[in-house]
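Not measured: the values here are computed from a predicted model. First listed ligand is number 1; within each ligand, the first listed atom is number 1. Hydrogens, waters and symmetry mates are skipped; everything else that's a heavy atom, side chains included, is used. Counting begins at 1 with the first residue of the sequence.
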Amino acid sequence: MAIIIKNGTVVSPTQSIMQDIRIEGEKIAQVGESLPVTAEDTVYDARGNLIFPGFIDAHTHMDMDNGKIVTADDFASGGRAAIAGGTTLLIDFATQEKGHLMGEAFYQWMAKAEQKCSCDYAFHMAIIDWNEETRQELANMFRIGVSSFKVYLAYDNLRINDRELYELLCDMKKLGGIVGVHCENGDLVNELVAEQLAAGNTSPAAHPVSRPAEVEAEAISRLLYIAKLADCPVHIVHLSTKLGLEEIRKARSNGQTVYVETCPQYLLMDDHVYSQPDFEGAKYVCSPPIRKKEDQEALWEGIINGEIQTVATDHCSYNFHGQKDLGIDDFSKIPNGLPGIEHRPELIYTYGVKTGRITQEKMCEILASNNAKIFGCYPQKGVIAPGSDADIVIWQDCREPITAAAQHQNVDYTPYEGIEILGKPKHVFLRGQEVFRDGKLLQPELGIYINREPGGL
Ligand code: URP
Ligand code: ZN
Ligand code: ZN
């Protein structure tokens, strides 16, 4: 008794071909032309549809508690939203607390996600407290399936210093994992925020002014010199600027391995969003901030020419009413982050594939395959091939607006309100189970934890 998906166009990073897929249990058993069907098989006719491997969002913050407020989405609502958009694996950030072990953070995050999440999940480990004990713990992280780490160069309560970064990268070179870095110069941010407030600029319009492109580019440049000294590859999360991309180019021309992620908000919007009246600009306050048109164009170019390997969401949702409005009198108190896990594939399809900017193969690469490779779960995830998990999205064309009213994300707005999307999932399979069909979640909470190995491209 198998599931057979017939006549769809199976997309990979290198080609799209009409093929059938045979699913047995949790795995893809066969991919090929005119696969035989028996009376016991369940058949889906995907003629006219693209078929993608389940998408992977490698940058989310679900159920994140900063000590004052908790994100609007937890793993339950975030996982449902993921599946509704065709994302079958999310990689969130288990975050170490000062004075605590990374192992404690891992089990805290497991408890947040277990038996609640509708898509599969894994964790990067965010290192907040770099000390001898943390250092000793690193190898253990790999034993529990954590092969990627994250550090912040901004946010006073989270950031590590340059010596700590260097030591971490030296250790990572030996262990073979990858460190993702939030690149903004924290000292400069603090100073520029203070300047804005002193000048009486308290509205969301001051947010991008307090975190200009130079703040990102300086941090990227510093990271890449430190990574060069440590002789270790690095991953730059949420790249937002042309200036930052230029620093990456320089390092690569010297032979360094640098993986780069950007997000839909940096590809689709520009900093005019912050000038909206009635505090509406707060809906777009994230760090780094949304940039200028020329940055947008440089990032699309970077995707097209392979300089940017992945598009993730940095999904970090806060309600407009009751959370974002904590900063009504002071933009620096607006909780940073945007929702997006539900709409990333639809947005990239609409603004990337349908405009002719990128191919559907490139969409597969940046939303699924590269994420699985870089973060060490390929070919279990990120590809439609015999032996891989049967995480499959049957994709259909459509023409409909994104609305907060219709979303599965548990947040009172979407930054993409009213945008007309031209494609969306029709069926989503998670490890062989049909979990979503025609707008309806069929089976929630089937997600499991995915162990990962050191990865790379
Ligand atoms: O504004 C953002 N991006 N919030 C989430 C945390 C981070 O910096 O990635
Ligand atoms: Zn960040
Ligand atoms: Zn983030």
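- Around the Zn ion (ligand 3), the protein atoms of type N, O or S that sit closer than 2.8 Å are H59 NE2, H61 NE2, D314 OD1.
- The only option from N371, T88, D120 that meets the side-chain hydrogen bond (donor to acceptor under 3.5 Å, both in side chains) definition with K381 turns out to be D120.
- Here the protein heavy atom with the shortest distance to atom 8 (O) of ligand 1 is Y155 OH, 2.8 Å.
- Residue contacts with ligand 1 for C286 involve both N, CA, C or O and side-chain atoms from C-beta outward (heavy atoms, distance under 4.0 Å).
- Salt bridge annotation for R222-E218: present, with a cationic side-chain nitrogen under 4.0 angstrom from a carboxylate oxygen.
- Less than 4.0 angstrom separates some heavy atom of H182 from each of these atoms of ligand 1: 7 (C), 8 (O).
- Among residues two or more places apart in sequence or in another chain, the side-chain contact (heavy atoms from CB on, under 4.5 Å) test is passed with N319 by A72, Q323, V411, D412.
- Ligand 1 places these atoms under 4.0 Å from at least one heavy atom of H238: 8 (O), 9 (O).
- The cationic atom of K283 (NZ for Lys, CZ for Arg) lies less than 6.0 Å from the six-membered ring centre of F320 and within 45° of the ring axis.
- Side chains of P204 and I334 form a contact here, defined as non-hydrogen atoms less than 4.5 Å apart.
- Checked against the 6.0 Å centroid threshold, F106 and Y449 count as a close aromatic pair.
- The cationic group of K150 lies under 6.0 Å from the six-membered ring centre of F93 and within 45° of the ring axis, placing it in a cation-pi geometry.
- In the candidate list I334, L338, T95, D314, D314 is nearest to atom 5 (C) of ligand 1, counting heavy atoms.
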